[in-house]
Amino acid sequence: MKITLPDNSHFDLTEGATALDVAAGVGPRLAGAAVAAKVNDITVDLSYHLDEGDRVDIITVDSPEGLGVLRHSAAHVLAAAVMQLYPGAKLGIGPATRDGFYYDFQLPRPASEADLPAIEAKMAEIVKAAARFQRRELSREDAAREFAGQPFKLELLGELPPEEPASTYTNDEFTDLCRGPHIPDTGRLKAFKLVSVAGAYWRGSEKNPMLTRIYGTAFPTRKELEQYLLNLKEAERRDHRLLGKQLDLFHIDDEVGAGLPLWHPKGALVRKVIEDFWRDAHLDNDYEMVMIPHIASADLWKTSGHWDFYRENMYSPMDIEGQEYIVKPMNCPGHIKIYKSRIHSYRELPIRWAELGTVYRYERSGVLHGLLRVRGFTQDDAHIFCRPDQLEEEILSVIRFVLFMLGTFGFDQYDVYLSTRPEKSVGSDENWEKATGALKAALEKAGLKFAVDPGEGVFYGPKIDLKIRDALGRAWQCTTIQVDFNLPERFDVTYVGEDNEVHRPIMIHRALLGSLERFMGCLIEHYAGAFPLWLAPVQVVILPVADRHLDYAGQVAARLNQERIRVQLDYSKESVGKKIRNAEVDKVPYMLVIGDREEDAGMVSVRSYAGGDLGSRPLEELVADLARRVETKT
RNA sequence: GCCGGUGUAGCUCAGUCGGUAGAGCAGCUGAUUUGUAAUCAGCAGGCCACGGGUUCGAAUCCUGUCACCGGCUCCA
């Protein structure tokens with residue numbers, strides 16, 4: 001019989017040949033790397049029997065799909081090991097993930113990370129035995145009988161689409177309900193490791209029981225696994241909580257309260273530089289600045305709808321002379337009140353009002369995470385009031401603006417999401433559709449690839465989110481652009497149109513960096529604490545070789561100060577080597593060593609954090625160079 | 001909030017079987033005046049997260065609270 005390969009060439013096979021035979025026929029290397037196959041675009045095992053005319057594409061372990069098959073198979077091996085070590089365990093699900101795999105279990109006794117080596121050892125036995133993965137297709141009834149003692153599997157079985165056959169995979173003595181495909185045998189699992197254990201709700205719902213999730217990872221080779229584990233270690237080194245402490249940027253204090261960061265001088269200075277840049281960029285982009293108070297009467301939050309739709313995230317009201325006041329969780333109502341303080345003409349729109357607005361939100365204790373998830377934070381917020389005909393153009397210009405802002409900080413990779421109407425929401429379907437359509441159109445015009453996040457919008461409108469990743473690869477939402485037809489209605493926000501009639505503007509809520517706290521957290525990890533020159537809290541440290549050089553060192557410092565370069569003079573009685581080490585540990589971009597040679601010639605010896613000893617240069621040349629680099633943010 | 005883990009000096013961490021607290025770095029003092037990642041010596045520093053219990057005796061065992069860490073759920 002003849003089958004077709006992806007390059008449209010044909011391949012002759014004997015009747016009853018399998019996908020593996022195709023791989024072997026092409027070459028032993030391919031057969032070795034093969035983990036599954038695609039036959040007529042359907043993924044199958046290598047043991048799949050082919051028919052005349054099939055189109056066959058071999059999936060190798062080097063492809064993302066193949067790696068997924070390998071990891072999914074690793075999850076089965078994990079489950080097999082756990083079933084042996086924890087008899088009576090109930091099986092949840094065990095998929096491959098971006099970085100590895102996991103399997104959820106309901107265990108008869110709790111497991112902790114200390115138990116992982118034992119499970120790993122059991123897995124190694126199963127791998128050594130090279131047990132074959134055997135697929136079986138069976139009727140619902142037979143499957144139900146087989147998994148009689150597995151309530152979660154029965155639940156999944158009951159929800160299989162009717163057209164899909166129930167299938168199981170068996171290796172060794174372990175059988176799992178599974179769609180497949182799998183690697184031919186467990187012996188192919190050359191490099192795996194269990195990394196952590198955590199709780200996870202069955203099917204991700206708080207209403208369901210909590211299962212024990214065991215995370216692991218697997219790679220085609222031991223070398224790749226080791227590289228991955230090395231990367232994890234490197235990522236831990238970039239952790240903003242660690243660097244925040246080491247570099248004296250901020251801390252979070254028990255007695256002040258969880259999720260309420262305190263900014264130390266150096267951290268506050270970095271923030272100031274970011275804020276200055278942010279304000280200038282906004283003024284350049286035709287925004288105006290506004291400011292509002294941190295608390296407001298409860299009535300305001302009732303009008304806005306926050307009281308009804310957002311209360312679980314708001315702090316309890318406080319009593320002020322018999323009136324209830326609430327700490328603001330959002331800035332929008334305040335900005336609306338400014339808008340409403342007078343009548344507006346259609347000629348004024350769009351109005352763009354920006355504020356670094358601090359908000360407080362109740363976050364459940366378990367979700368707090370360094371600077372990335374806190375209870376008090378400053379949003380780089382703005383609200384745009386525009387006419388319906390301006391909506392799409394405004395969204396597009398916000399997208400262009402945010403790409404510029406993020407690019408300045410060296411972020412050029414992010415995940416883009418379009419979030420649609422959630423269950424708990426307000427407003428007409430028509431408005432939701434209009435708003436969602438405008439966001440989508442703008443994304444397409446900007447040429448951004450995006451994924452739709454169904455039901456993830458805010459209660460008053462759909463939104464575009466940009467997420468950037470932290471050191472451990474976790475995605476954090478920073479940028480958000482939200483269209484809102486609702487608040488203008490609730491507050492009866494209007495403008496007078498060309499026709500002398502009263503019209504309703506549309507609001508766009510947007511935060512480009514998201515919150516300064518979260519953004520700084522991401523930024524610290526992004527730069528591994530070594531801020532570029534324009535952001536560094538201390539840009540230059542001056543290291544006199546001996547006390548007799550202090551005078552000249554002071555002159556150099558004064559000259560740099562004149563150019564507003566942030567300079568520190570190290571007058572400690574340490575050796576030059578120690579002073580350099582201290583500056584290196586603090587990740588200061590430039591160190592200037594000053595001794596007899598420099599003093600005599602009016603020079604400075606330059607050492608950079610990134611590039612080591614750069615030799616000596618005339619002071620004025622360096623000053624000009626640094627000033628230019630700060631100016632251009634390079 | 002939920003599951004699992006952790007909490008000892010400013011920081012990083014030891015602390016055995018329940019017998020009363022230890023190191024390195026940082027800090028302070030003194031000596032050294034140093035040329036591209038740690039000069040030497042001395043001193044000081046602790047309500048062992050907090051509360052209750054067991055015990056002759058608790059950093060250690062039990063228990064409650066708080067915080068932190070890894071996840072889940074939820075979010076900028």
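Residue numbering restarts at 1 for every chain, and letters A, B, ... go by the order of the sequence lines.
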K.L.:
Using atom CD1 of A:Ile542 as one end and atom P of B:U36 as the other, report the distance to the nearest whole Å.
P.N.:
19 Å
K.L.:
Passes side-chain contact (heavy atoms from CB on, under 4.5 Å), A:Val588 versus A:Gln568? Steps please.
P.N.:
CA-CA 10 Å; A:Val588 177; A:Gln568 227 168 48; over 6 Å; no
K.L.:
Say we look at B:A59 and B:G19: how far apart would their C1' atoms be, to the nearest angstrom?
P.N.:
13 Å
K.L.:
Any donor-acceptor pair under 3.5 Å between the side chain of A:Ser605 and the base of B:U36?
P.N.:
yes
K.L.:
Check the pair A:Phe105 / A:Tyr103 against ring-ring contact (aromatic ring centres under 6.0 Å, His included), numbers first and verdict last.
P.N.:
CA-CA 7 Å; A:Phe105 307 94; A:Tyr103 211 111; 5.0 Å; yes
K.L.:
Calculate, to the nearest 0.5 Å, the distance between atoms CE and CG belonging to A:Met291 and A:Asn331 respectively.
P.N.:
12.0 Å
K.L.:
Using atom C1' in both nucleotides, what's the gap between B:U29 and B:G45 to the nearest angstrom?
P.N.:
14 Å
K.L.:
Round to a whole Å and report the spacing from CZ of A:Arg109 to C1' of B:C3.
P.N.:
17 Å
K.L.:
Rounded to whole angstroms, how far apart are CD1 on A:Ile580 and P on B:U39?
P.N.:
11 Å
K.L.:
Are A:Glu574 and A:Arg581 within salt-bridge range, i.e. N to O under 4.0 Å?
P.N.:
no
K.L.:
With a 6.0 Å cut-off on ring centres, are A:Tyr228 and A:Phe219 close enough?
P.N.:
yes
K.L.:
Using a heavy-atom cut-off of 4.0 Å across all strands, would you classify A:Glu598 as base, sugar-phosphate, or nothing?
P.N.:
base
K.L.:
Does A:Arg71 count as lying over the ring of A:Phe101, i.e. NZ or CZ under 6.0 Å from the six-ring centre, within 45 degrees of the axis?
P.N.:
no
K.L.:
Using heavy atoms to find the nearest nucleotide of RNA chain B for A:Asp613 and A:Gly259 separately, return the residue whose nucleotide is more 5′.
P.N.:
A:Asp613
K.L.:
Using the P atom on both, measure B:G52 against B:U60 and round to a whole Å.
P.N.:
14 Å
K.L.:
For B:U54 and B:U73, measure between their P atoms and round to the nearest Å.
P.N.:
43 Å
K.L.:
Check the pair A:Glu525, A:Asp239 against side-chain contact (heavy atoms from CB on, under 4.5 Å), reporting the backbone distance first and the verdict last.
P.N.:
CA-CA 6 Å; A:Glu525 305 205 352; A:Asp239 191 314; 4.0 Å; yes
K.L.:
What integer distance in Å separates A:Ile594:CD1 from B:U36:P?
P.N.:
16 Å
K.L.:
Requiring both pairing distances under 3.5 angstrom, list the stems that contain RNA chain B and are made of three or more consecutive Watson-Crick or G-U pairs.
P.N.:
B:1-7 with B:66-72, B:10-13 with B:22-25, B:27-31 with B:39-43, B:49-53 with B:61-65
K.L.:
Run the side-chain contact (heavy atoms from CB on, under 4.5 Å) check on A:Val197 and A:Asp115 step by step: do they pass?
P.N.:
CA-CA 9 Å; A:Val197 39; A:Asp115 301 306; over 6 Å; no
K.L.:
A:Asp570 CG to B:U36 P: how many Å, rounded?
P.N.:
16 Å
K.L.:
Determine, for A:Phe377 and A:Arg361, whether the Lys NZ or Arg CZ falls below 6.0 Å from the six-membered ring centre while staying within 45 degrees of the axis.
P.N.:
no
K.L.:
Indicate every side-chain donor-acceptor pair of residues 405-417 of chain A with a distance under 3.5 Å to a residue at least two apart or in another chain.
P.N.:
{"residue": "A:Thr408", "atom": "OG1", "partner": "A:Phe404", "partner atom": "O", "Å": "2.8"}
{"residue": "A:Asp415", "atom": "OD2", "partner": "A:Arg469", "partner atom": "NH2", "Å": "3.0"}

K.L.:
Return the polar atom pairs (N/O with N/O) between nucleotides 6-14 of chain B and the protein under 3.5 Å, or none.
P.N.:
{"residue": "B:U12", "atom": "OP1", "partner": "A:Lys245", "partner atom": "NZ", "Å": "3.3"}

K.L.:
So A:Thr358 and A:Thr378, side-chain hydrogen bond (donor to acceptor under 3.5 Å, both in side chains) or not? Walk me through it.
P.N.:
CA-CA 4 Å; A:Thr358 304; A:Thr378 302; 2.9 Å; yes
K.L.:
In whole angstrom, give me the gap between the C1' atoms of B:A67 and B:G51.
P.N.:
15 Å
K.L.:
Does atom OH (A:Tyr571) have a neighbourhood of more than 12 heavy atoms from anything else shown, all under 6.0 Å?
P.N.:
no
K.L.:
Would you give a per-nucleotide map of nucleotides 70-76 of chain B, 5' to 3', where B means the base has a protein non-hydrogen atom under 4.0 Å away, S means only the sugar-phosphate does, and - means neither?
P.N.:
BBBBBBB
K.L.:
Give each protein N/O atom lying under 3.5 Å from an N/O atom of nucleotides 25-29 of chain B, with the pair distance.
P.N.:
{"residue": "B:A26", "atom": "OP1", "partner": "A:Lys578", "partner atom": "NZ", "Å": "2.7"}

K.L.:
Considering the options A:Lys245, A:His264, A:Arg241, which one meets the side-chain hydrogen bond (donor to acceptor under 3.5 Å, both in side chains) requirement together with A:His251?
P.N.:
A:His264
K.L.:
In whole Å, I'd like the distance from the CZ atom of A:Arg548 to the C1' atom of B:U34.
P.N.:
9 Å
K.L.:
Could you work out the separation of B:C69 and B:U36 based on their C1' atoms and round it to a whole Å?
P.N.:
38 Å
K.L.:
Hey, which sits more toward the 5' end of RNA chain B by its nearest nucleotide, A:Ser575 or A:Ala111?
P.N.:
A:Ala111
K.L.:
On a whole-Å scale, what distance lies between the P atoms belonging to B:C25 and B:C43?
P.N.:
14 Å
K.L.:
Could you give the distance from OG1 (A:Thr480) to CG (A:Asp465), rounded to the nearest 0.5 Å?
P.N.:
4.0 Å
K.L.:
Looking across every strand, which nucleic acid part, if any, lies under 4.0 Å from A:Ser112 by heavy atom: base, sugar-phosphate, or nothing?
P.N.:
sugar-phosphate
K.L.:
To the nearest Å, give me how far apart NZ (A:Lys587) and C1' (B:A37) are.
P.N.:
12 Å
K.L.:
Round to a whole Å and report the spacing from CD of A:Glu599 to P of B:G35.
P.N.:
16 Å
K.L.:
Please list, chain by chain and in numerical order, all residues satisfying side chain to side chain contact (heavy atoms under 4.5 Å, CB included) with A:Ser575, sequence neighbours excluded.
P.N.:
A:Lys578
K.L.:
Can you check the distance between B:U8 and B:A23, where both ends of the measurement are the C1' atom (answer in whole Å)?
P.N.:
13 Å
